[in-house]
Structures are given as C-alpha cells and as structure tokens.
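One structure is given here, and the rest of the page talks about it.
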Amino acid sequence: MFANRYTGRFAPSPTGHLHLGSVYTALASFLDARKNKGLWRLRFDDLDTPRNVSGATTSILKTLETLGLYWDGEIDYQSLHLGEYHDVLSDLLRNGEIYRCQCSRKNLTPIYAQICRQKTISTTTSYSLRLKTDSRQLIFTDNLQGEISQNLATQHGDFILKRRDNIIAYQFAVVLDDIRQGVNNVVRGIDLLDETPKQIFLQNVLKLPTPNYFHVPVLANSNGQKLSKQTLAAAVNLTAPNLVLFQLLNLLKQKPPMELQMANVNEILKWAVEHWKVTLLKGEKMIYLD
Ligand code: GLU
C-alpha cells in the first residue's frame, strides 16, 4: 500500500505560531526526507476546532517559506476528511472493535475501567467512541530511540477515537491521514513517542501498514521546560532566517561549519541535506537552549 518512495510529513496544529521547538522538528523531518530523495508533505491538524487560532495557518506557512522549507504537493487539512473518519468509525462500530461510552471525565480512572464495554448506550445522548484494546505486547523499533514496548491494556486502557463533543481524536485521525498522504516515515517530537503504540495498534486493527518512526528530542528552555504554547515559547524570529537555520543545525548536532551561518537559506539547506546524519541525535531526549 505504501509507495516505494520515502514520504515524510510535517503536521502542525493551527493553534498558534511556530516556535523554535516546532521548526526544529520540521527541519529534522524535512532533511530526512530530502536526504532520502523523498517527498515532504504538509498537513494541518485542524480537527480540534476550539483550539484553532485564526491566522495561525498563514503564519505557519510564512515561517516555513521564509526558512525555505517547501513541501511537495497540495497542503492537506484534516477538516476536509470528516466524512472519511466517520465512515471508518461506523465500520469499526459494526465490527464491534469500538463501543459507545458515556462516562464523564470526572468519573474516569487513569486507565479506563471498561465500564461501558458491555453496556448498550442510546444514540440520542452524547457519547464518545472507545477502541477495545487488548494485552498483547506492542513492540516497535524507533530509529532513534530504539526498541519501545508497551502493553496498551495495562498502560493506557481503551482509548477514545471520537470525543463526546463529536471531535475526532488525534490518535485516530493521524493513522488515516498518514495513509492518505502516503507517509511511510514519520519524524516528530519525542513527546509523541508514548502515543505511537496506540497508533500502531490502530493500524493493526485497520489492517494498515506501519510507517518507520523517528522521535527526535524536544527543545527545552533554560528552566528545563519543553518549548510549547503552554510554556509561552516565542514565535520564531524571522529577521535572519539563515541564523535560525544555523542554530537549528547546531541543536540537531549536525556540526555546521561556522562560515555557513552567513550563507543564504538555500545554501544552508543544501549543505544540511548533504550532511544530514540523524544518528548524531541517538539517545537524546531533550536539548536545552542556553
Ligand atoms: N499535530 C501534532 C502536533 O502539532 C503532530 C502530530 C504528529 O506529528 O503525529 O503536535
């Protein structure tokens, strides 16, 4: 089902500007795709509508363009595919792989106690849809982080594919999105490593292939906090995009030569593609900014 050609992607959520941590991941994924003469797709993960921020898409595109990170093909938006997600959910429900759940968040234990698995829940009230997990040991090898092993039933429990407010959950959407875009190499932040076994489990249930995964470290500020919207990470400063790329290459441990910082964006990216070695990041989980 996968195309032979390496296909990677960047999938930002339009919830604000890109900060240094997000472009760090974008650059890693871009370089890995280009080094492998692959395609690099762009998708906006825009299903969580209450979190979307107007103007974020434009600002994200401007940042990518200023840094010379051009994508291949059409930009995809999850919101264009609501029918597809709901169709697959209907199939899963018919096959008994998922079930309706009416538990409210305040009654939940960290590992869902499967209270609604055996209940018949009326469709006239709001409900979430949960996937039945089992206790098989899910093992995969992350190209950077090594072997990861998880037992979903005991470590996460039955998880949600559609929320009670009808929003399609990230875990589920991402599996269908990556297939739709032909993605066979996922390079993203290590904060999503723990979510990956759920996605692999879903791929198994849906009989879909599993892409290769690389989870790159996340950037942390001087207080040791991951750069994120919650920690109020600033937008990438675009006044000198060459310096931003140079800094990112250092943070990606690529050892760019000093004189490269004065080159233009295209020259820097050309150097970076030629010299890209993801293995230089092996074993790193967090990279601290001074
Ligand atoms: N949209 C997700 C985020 O911004 C990324 C999803 C993914 O890379 O799988 O965190």
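Along the sequence shown, the residues carry numbers beginning at 1. Every number for a ligand or one of its atoms is a count from 1 in the order of the listing.
- Listed by first then second residue, pairs satisfying salt bridge (charged side-chain N to carboxylate O under 4.0 Å, His left out) with a partner in residues 224-253 read D191-K226, K253-E284, not counting sequence neighbours.
- Residue F30 is tested with W71, Y70, W40, W276 for a ring-ring contact (aromatic ring centres under 6.0 Å, His included); the sole match is W40.
- Protein residues are said to neighbour a ligand when one of their heavy atoms lies under 4.0 Å from it; for ligand 1 these are R9, A11, S13, D45, Y170, V174, R188, L192.
- When the shell of 6.0 Å around CE of M262 is examined, it contains 12 or fewer heavy atoms from other residues, nucleotides or ligands.
- Contacts of W271 classified as ring pair (Phe, Tyr, Trp, His ring centres under 6.0 Å), with partners at least two apart in sequence or in another chain: H275.
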Does the salt bridge (charged side-chain N to carboxylate O under 4.0 Å, His left out) test come out yes or no for D76 and R9, once each step is laid out?
-> CA-CA 11 Å; D76 199 6; R9 47 72 159 180; over 6 Å; no

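- Within the structure, salt bridge (charged side-chain N to carboxylate O under 4.0 Å, His left out) pairs that include any residue of residues 110-131 comprise R117-D158 (at least two apart or interchain).
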